[in-house]
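For this chain, numbers begin at 1 and follow the sequence in order.
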Amino acid sequence: MQRDPVSVVVPFRGQPEDAAAVLARVGRLRLAPRDELVIADNSDDACLVAAVGADRPVRAVRAGGERSSYHARNAGARAAGREWLLFMDADCDPDPGLLDAYFSETPGEGVGALAGQILGDFQQSSFLARYVESRKFFRQDSGLLAEAGVAATGNLLVRREAFDAIAGFTEGIRSAGDVDLCRRLRSAGWAIEARQNAVVRHRHRDSLPSLLSAIARYGAGSRWLDQREPGTSPPWPLVSGVVGVALDVPRNLVRGRVEEAAFRLVDGAGLAAHVVGYRMSNAAPPLLKLSL
């Protein structure tokens, strides 16, 4: 297939065993001769940089200074040299033909980004994984976190020219940098198109504290967005949402829908977490240490 070359940019923060897992995931991608893989290591001890040897077709760069995936993505983009930048999360498992799927239709000159699809990992069967999938958290088209005209950087292909024109991601933040990037692309006149057949599979969180922590972080990001553009990202409606949960739980139990009743309880906890997070800072913390 004839298509433009792509730089795959993945931010990473984790332990040595996590580094091995992400290297295995990106290694499944079917690459054309001019494609490249760049991983930006945002971990405290740069364990992925140490894990990448000369025998791997991956370039690892250090992304020190602050603990932020957007800072890491910018570092990876600076090291990349292709016409398109595919931003993918480290916990996403790409279809091998992901890059070709993005170019199943040739993007027009005014297209600044292509939004792929993010589905759940079909191998996960835990209660919370089923919950997240039922709420379509990360679906680019209709998910709980979806917004018209924006896409998550778990699976987003950006034209290099457009990325450079808006100076990349906003740094110094923990959350909502992908929404901000897409809004700025649109404001600069670039279009964002969907590519639903360009699929990655996301491994959902298996513990309730971890899930609620992530939702609280989304809340902090929403407030940051709302401060930049008032009225665009309000907090989730806690009072009406909790009332709805209180009514739905017994209804589902009476109908024998026990799992849906439990899902609604998690909905209520998520609403509370988002509202709490909305009062928190969205500032990215510094890395614990900067040395290799």
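- Note on ring orientation: taking the six-membered ring where Trp is involved, the planes of Phe263 and Phe127 are tilted (angle from 30° to 60°).
- Judged purely by atom type and a 3.5 angstrom limit, Asp35 uses its side chain to pair as donor or acceptor with the backbone of Ala32.
- The distance from the CZ atom of Arg223 to the CZ atom of Arg279 is 8.5 Å, given to the nearest 0.5 Å.
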Q: Dump the intermediate steps for side chain to side chain contact (heavy atoms under 4.5 Å, CB included) on His71 and Asn42, then the final yes or no.
A: CA-CA 8 Å; His71 170 69; Asn42 193 228; 4.1 Å; yes

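- Arg251 is linked by a salt bridge (Lys or Arg N to Asp or Glu O under 4.0 Å) to Asp248, counting only residues two or more places apart in sequence or in another chain.
- Side chain to side chain, Arg73 and Ser69 meet the donor-acceptor criterion of an N or O pair below 3.5 Å.
- For an aromatic pair to be called close, the ring centres must be under 6.0 Å apart, and Tyr218 with Phe137 fails this.
- With Ser213 contributing its side chain and Ser210 its backbone, the two residues share no donor-acceptor pair below 3.5 Å.
- Looking only at distances, no side-chain donor or acceptor of Gln117 sits under 3.5 Å from a matching main-chain atom of Val199.
- Salt bridge annotation for Arg159-Asp4: absent, with no cationic side-chain nitrogen under 4.0 angstrom from a carboxylate oxygen.
- Side chain of Arg174 to backbone of Ser281: a donor-acceptor contact under 3.5 angstrom is found.
- In this structure, Ser222 contributes its side chain and Ser233 its backbone to no donor-acceptor pair below 3.5 Å.
- Here Leu247 sits in one hydrophobic cluster together with Val243; the rule is ILVMFWY side chains under 4.5 Å apart, joined directly or through other members.
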Q | Step-by-step side chain to side chain contact (heavy atoms under 4.5 Å, CB included) determination, Arg203 to Gln124 | A | CA-CA 7 Å; Arg203 186 160 186 84; Gln124 282 189 288; 3.1 Å; yes

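- Using a distance-only test at 3.5 Å, with no hydrogens or angles considered, no donor-acceptor pair links the side chain of Asp121 to the main chain of His202.
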Q: Test Asp44 against Arg67 for salt bridge (charged side-chain N to carboxylate O under 4.0 Å, His left out), laying out the working first.
A: CA-CA 8 Å; Asp44 294 317; Arg67 185 175 293 160; 3.0 Å; yes

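- Look at Arg3 and Glu105 and you find no salt bridge, because none of the NZ, NE, NH1 or NH2 atoms lies under 4.0 Å from a carboxylate O.
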Q: Please step through side chain to side chain contact (heavy atoms under 4.5 Å, CB included) for the pair Asp226 and Thr232, ending with a clear verdict.
A: CA-CA 6 Å; Asp226 204 68; Thr232 60; 4.2 Å; yes

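- We find that Arg183 and Asp180 are not joined by a salt bridge, their nearest charged nitrogen and carboxylate oxygen being 4.0 Å or further apart.
- In this structure, Ile192 and Arg186 approach most closely via the heavy-atom pair CD1-CG, 4.0 Å.
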Q.
Is there a side-chain hydrogen bond (donor to acceptor under 3.5 Å, both in side chains) between Asn155 and Tyr102? Walk through the geometry before answering.
A. CA-CA 10 Å; Asn155 187 17; Tyr102 263 114; 2.7 Å; yes

